[in-house]
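First the structure, in the form of structure tokens, and then the observations on it.
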Amino acid sequence: MLDSLNYIPHPSSTNSELATHFTDLAPPLNARQAAIEAARCLYCYDAPCTRICPSEIDVASFIRNIHDRNVDGAALGILKQNIFGGSCARVCPTEILCEDACVRNHDAEGQPVKIALLQRYATDNMSFTDHPFQRAKATGRKIAVVGAGPAGLSCAHRLAMLGNDVIVFEAQEKAGGLNEYGIAKYKLTDDFAQREVDFLMGIGGIEIRLGQKLGDNLHLKDLHANYDAVFLGLGLGASRQLGLTGEDAPGLLAAVDYIAELRQAADLSALPVPKRAIVIGAGNTAIDMAVQIQRLGAEEVTLVYRRGFNAMSATHHEQDIAKANQVRMRTWAQPQQVLLDAAGRVQGMRFEKTRLEGNRLAGTGETFEIAADAIFKAIGQTMDDGALADPLATLLKRDGDRIHVDEHFRTALPGIYAGGDCVAPGQDLTVQAVQHGKLAAMAIHAELQSKLEAA
């Protein structure tokens, strides 16, 4: 993936020195800190933090359990709604969800309860002897799940809990999806993504088959014929294009590709690190890319976005992380031309300044250039059309580049369901992908049960 950066030198720091730049972004609470923070909760009736949670965690209840020193009870309350409660405590944008809804924002303190850190405390310190959920009586049904990311594994876990056998097919060498390959290294540390997968698998009844790519060595037609139901948790595997000449030049690549290499690197000092880097985008991936390349030793990192700060999909919290890491942020500028050196390698980019004309973004005609040794695109992901290339998959109804599903996550093809980032409803959030997988599993199980009763 990083072949286009092979002319860029490696960091001067050692691996051990660089590793210190990728420790926990937010250190965990200790027992005393958790007790004090839990005591701040008002345990609201019809709590707004619970109502806004995409995975329907009873926030007030789990915090009360922490206050009462019932850590396992708190963890159980979280995990029964969100089996990825540990990773979501680290990566969920709580600043615009539960913590933003907290009533303590409006009292004299003006500070929300630290819900994410309390959720992490509960899931990090649970001490169950066995898996906390037991499988129901075996149904005799076998269900295929494509994609071992949060949506697919959440679906698999709930299906297994309901007594079904599940085979999960994953294209990568590891399970975990975005948690394993796409999240900033300082957000999920100490191999947490794999430890969470191992915990989830403890329920039994789930088999994961790696290196199985839909549209390549795995075909929807075969899955549909050989399994009682199929769930597609494909994610979005392709990066959007800028549409500029020189986009394939050495030194220009998708941010997600670099982040994946960084997360899997055994030796951080072996990664190519440009002295000057440009990151194009406005979401969390753009922030993650910019901050990480800065922490690896880049001397100048500039994040460029075509609109203003308030239009960025990255939260203000994420923007503050970038600023704290000395990332330069330029707004109201859109890419116009990739600048190349005599060898055809990236040496910078020309941008055109933008403005709003009514509700329409327009170029002003005024341009400027930023010198760079590498450019990273973080302008969004789209469906990898190769995954849906076989004849049966082409019959799936689409909403733009996403798969169309109904309110029960059923696609246009009977027996085939989908959820997570690859479907149209909602935002591209880990917590929402987990919820999609859970709800789809319940819908699959209910439909199979109804067929059995009707037979």
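Predicted, not measured: the structure shown is a model, and the values here were computed from it.
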Report, one line per pair, each donor and acceptor closer than 3.5 Å where one atom sits in a side chain of residues 226-236; sequence neighbours left out.
unit_1	atom_1	unit_2	atom_2	d
Asn226	ND2	Asp222	O	3.0
Asp228	OD2	Lys142	N	2.8

For the pair Arg263 and Leu188, evaluate side-chain contact (heavy atoms from CB on, under 4.5 Å) and give the outcome as yes or no after the intermediate values. CA-CA 9 Å; Arg263 283 199 56 86; Leu188 286 176; 4.0 Å; yes
Could you check if a side-chain atom of Ile143 sits within less than 4.5 angstrom of a side-chain atom of Leu448, using non-hydrogen atoms only? yes
Any donor-acceptor pair under 3.5 Å from Arg402 side chain to Met383 backbone: no
For residues Thr94 and Ile115, determine if any side-chain heavy atom of one lies less than 4.5 Å from a side-chain heavy atom of the other. no
Taking Thr20 for its side chain and Glu17 for its backbone only, find out whether a donor-acceptor pair lies under 3.5 Å. yes
With a 3.5 Å cut-off and no angle check, do the side chains of Thr50 and Glu56 form a donor-acceptor pair? no
Looking only at heavy atoms, the pair that brings Thr123 and Gly86 closest together is OG1-CA, 3.5 Å
Answer yes or no: is there a donor N or O on one side and an acceptor on the other, between the side chain of Asp288 and the main chain of Ala255, under 3.5 Å? no
Between atom OG1 of Thr315 and atom CG of Asn284, what is the distance when rounded to the nearest 0.5 Å? 6.0 Å
Phe62/Gln81 under side-chain contact (heavy atoms from CB on, under 4.5 Å): CA gap, chis, key distance, verdict: CA-CA 11 Å; Phe62 93 71; Gln81 295 294 349; over 6 Å; no
Applying ring pair (Phe, Tyr, Trp, His ring centres under 6.0 Å) to Phe368 and not counting sequence neighbours gives Phe351
Here the pair of heavy atoms bringing Ala314 nearest to Ile287 is CB-CG1, 3.7 Å
What I want to find out is whether Asp406 reaches Lys397 closely enough, with some N-O distance under 4.0 Å, to be called a salt bridge. no
Please report the closest heavy-atom contact between Gly419 and Cys422, naming both atoms and the distance. O-SG, 3.5 Å
Taken to the nearest 0.5 Å, the spacing of Leu339 CG from Ile278 CD1 works out to 8.0 Å
Could you tell me the separation between the CG atom of Asn82 and the CD atom of Gln432, rounded to the nearest 0.5 Å? 12.0 Å
Under 3.5 Å, side-chain donor or acceptor atoms of residues 198-210 against the rest of the protein: list the pairs with distances, not counting sequence neighbours.
unit_1	atom_1	unit_2	atom_2	d
Glu207	OE2	Arg209	NE	2.9

Between Ala265 and Leu268, which heavy-atom pair has the shortest distance, and what is it? CB-CD2, 4.3 Å
Kindly say whether Leu97 contributes a backbone atom to a donor-acceptor pair with the side chain of Glu99 at under 3.5 angstrom? no
For residues Ile403 and Leu388, determine if any side-chain heavy atom of one lies less than 4.5 Å from a side-chain heavy atom of the other. yes
When you measure from the side chain of Thr285 to the backbone of Ala378, do you find a donor-acceptor pair of N or O atoms at a distance under 3.5 Å? no
For Asp24, all residues meeting salt bridge (charged side-chain N to carboxylate O under 4.0 Å, His left out), sequence neighbours excluded: Arg120
Side-chain heavy atoms of Lys213 within contact of Asp384, under 4.5 Å: yes
Can you tell me how far apart CD1 (Ile83) and CD1 (Ile78) are? Round to the nearest 0.5 Å. 11.0 Å
I would like to know whether Phe169 and Leu214 meet side-chain contact (heavy atoms from CB on, under 4.5 Å); could you show each step before the answer? CA-CA 8 Å; Phe169 298 90; Leu214 196 65; over 6 Å; no
Below 4.5 Å, heavy atoms only, C-beta onward: do His21 and Leu296 meet side chain to side chain? no
If you compare all heavy atoms of Ile8 against all heavy atoms of Pro272, which two are closest, and at what distance to 0.1 Å? O-CB, 3.9 Å
Please check if atom CD in Glu407 has more than 12 non-hydrogen atoms from other residues, nucleotides or ligands closer than 6.0 Å. yes
Just one of Gln294, Arg295, Gln292 clears the side-chain hydrogen bond (donor to acceptor under 3.5 Å, both in side chains) bar with Asn325, so which one? Arg295
Inter-residue atom distance Ile280.CD1 - Ile379.CD1, 0.5 Å rounding: 7.0 Å
Say whether, by atom type as modelled, one donor and one acceptor occur between the side chain of Glu170 and the main chain of Gln172 under 3.5 angstrom. yes
Which of these, Ile370, Val338, Leu244, Thr367, sits in a side chain to side chain contact (heavy atoms under 4.5 Å, CB included) with Arg350? Thr367
So, are Lys187 and Glu318 salt-bridged, with charged N and O less than 4.0 Å apart? yes
Given Arg141 and Gln449, is the side chain to side chain donor-acceptor pair (under 3.5 Å) satisfied, shown in steps? CA-CA 10 Å; Arg141 299 189 189 89; Gln449 284 290 100; 3.1 Å; yes
Check the pair Thr364, Trp332 against side-chain contact (heavy atoms from CB on, under 4.5 Å), reporting the backbone distance first and the verdict last. CA-CA 10 Å; Thr364 66; Trp332 300 108; over 6 Å; no
Please tell me if the side chains of Phe84 and Val431 come closer than 4.5 Å, counting only heavy atoms from C-beta onward. no
Throw together a table of side-chain donor-acceptor distances under 3.5 angstrom for residues 175-183, partners on residues two or more places apart or in other chains.
unit_1	atom_1	unit_2	atom_2	d
Asn179	ND2	Ser87	OG	3.2
Glu180	OE1	Gln194	NE2	2.9
Glu180	OE2	Gln264	NE2	2.6
Tyr181	OH	Lys174	N	3.2

Scan side-chain atoms only and decide if Arg276 and Gln347 contain a donor-acceptor pair under the 3.5 Å cut-off. no
Return all side-chain donor-acceptor pairs below 3.5 angstrom for residues 144-162, not counting sequence neighbours, or 'none' if the list is empty.
unit_1	atom_1	unit_2	atom_2	d
Ser154	OG	Val434	O	2.7
Ser154	OG	Lys438	N	3.3
His157	NE2	His131	NE2	2.9
Arg158	NH2	Lys80	O	2.6

Quick one, Asp421 and Gln381 - any side-chain contact, counting heavy atoms below 4.5 Å? no
To the nearest 0.5 Å, what is the distance between CG on Leu396 and CG on Leu220? 6.0 Å
Under 4.0 Å between a Lys/Arg side-chain N and an Asp/Glu carboxylate O for Arg195 and Asp124? no
How close do Arg306 and Thr354 get, heavy atom to heavy atom, and via which atoms? O-OG1, 2.7 Å
Would a 4.5 Å heavy-atom cut-off, applied to side chains only, mark Glu447 and His408 as touching? no
